[in-house]
Amino acid sequence: MSISRRHFLTGAAGAIGGGALVAGYAGAVEPGWQLAVTAYDLSPPGWPRDFPLKIAVIADPHAAEPYMGAARIEEIVAAANALKPDLVVLLGDYEANHHFVTRLVPRETWARLWAQCRAPLGVQAILGNHDWWFNLVEIRSALKAAGIPVMENNAVRLSHRGRRFWLLGLGDQIAHIRGPRHYEGVDDLPGTLAKITDDAPAILLAHEPDIFVDVPERISLTLAGHTHGGQVRFFGYSPIVPSSYGNRFAYGHIVERGRHMIVSGGLGCSLAPVRLGVPPEIVLVRLGNAA
Ligand SMILES: [Fe+2]
């Protein structure tokens, strides 16, 4: 065998082995075992600098074996509690519906586990598109039965350290599938904003980030999920993003015209059970110099 042919075969074997390693990592290690905490420190317009608030964000868990079984959820809850947040928010898409599900997690189980998140201001939830597309009634009632309020186009005024702020939860923006790439939402942003009755600062929870183009300056911070950061992301670029705005709203802290949004890369997998360059994450938002 010539040297060059041997080099070629060695290189080819290495490439195949490397490809298998990457595939194994993206298909098993990153989605199933990694867990990152991504922290953001900010004092956006309208949020008092001397009003510290720590929010743990749980987005897109998509519960189901093999990647998001009960033990994995317990691990995430323990990690979130270790951050000692003031408030925990769940941004929707609670169950997995992809073809690689090996075993479902009973919704009473995942709901009970998420309810074990501990924070003085409690746990607040919104619903995502997968919740609307599959088992909506059961998911909504499992959350409520576990004691987790589900916000759908409503607002609650919370008190923290003697001050008040508004937490708004938007209905899902692509709740109904009307045709190929044609959706209809149940979101009502004007109606939700109208429930704010004083000038306390406000935070909006929205499953999909696309609403951000319409969010007014009155909202200090929008928290969103849904994109999973594209599930595959290199050097700040995701080839596939389930957003009408592509990479503009794919991931991270986005500031436009003085308005702030944080898009979580989420925790689970939706259609394809693959993650590469976007490890499952708990987002920790520290507002107003919260340590
Ligand atoms: Fe989603």
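Quick note: numbers below take in every heavy atom, side chains included, and nothing from hydrogens, waters or symmetry partners. No experiment lies behind these values; they were computed from the predicted model shown.
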- prompt: With a cut-off of 6.0 Å (strictly less than), are more than 12 heavy atoms of other residues, nucleotides or ligands near CZ of R248?
  reply: yes
message: Test your reading of the model: is there a side-chain donor-acceptor pair from S264 to the backbone of G266, 3.5 Å cut-off?
response: yes
- request: Please say whether more than 12 non-hydrogen atoms of neighbouring residues, nucleotides or ligands are located less than 6.0 Å from CZ in R49.
  value: no
task: Just do the side-chain hydrogen bond (donor to acceptor under 3.5 Å, both in side chains) check on E281 and T38 with the steps written out, would you?
output: CA-CA 6 Å; E281 68 176 10; T38 307; 2.5 Å; yes
message: A cation-pi test, strictly: NZ or CZ of R259 under 6.0 Å from the centre of the six-membered ring of F212 and no more than 45 degrees from its axis. Yes or no?
response: yes
- prompt: When rounded to the nearest 0.5 angstrom, what is the spacing between CG in N289 and OG in S43?
  reply: 4.5 Å
statement: Tested for ring pair (Phe, Tyr, Trp, His ring centres under 6.0 Å) against H130, the lone hit among H207, H228, H62 is H62
query: Is there a side-chain contact between H253 and V255 (heavy atoms, below 4.5 Å)?
result: yes
task: Give the ring-plane orientation class for F100 versus H98, where under 30° counts as parallel, over 60° as perpendicular and anything between as tilted.
output: tilted
field: Separation of L267 CG from R275 CZ (nearest 0.5 Å)
entry: 7.0 Å
message: I'd like to know if the side chain of D60 reaches the main chain of G268, judged simply by a donor and an acceptor atom lying under 3.5 Å from each other, with no hydrogens or angles considered.
response: no
task: Kindly indicate, with the supporting measurements, whether the criterion side-chain hydrogen bond (donor to acceptor under 3.5 Å, both in side chains) is fulfilled by H226 and N129.
output: CA-CA 8 Å; H226 178 65; N129 57 309; 3.2 Å; yes
message: Within the 4.5 Å heavy-atom criterion, are V278 and V232 side-chain neighbours or not?
response: no
query: Quick check: are there more than 12 heavy atoms from other residues, nucleotides or ligands sitting under 6.0 Å from CG of L136?
result: yes
query: Between R233 and Y251, is any pair of side-chain heavy atoms under 4.5 Å apart?
result: yes
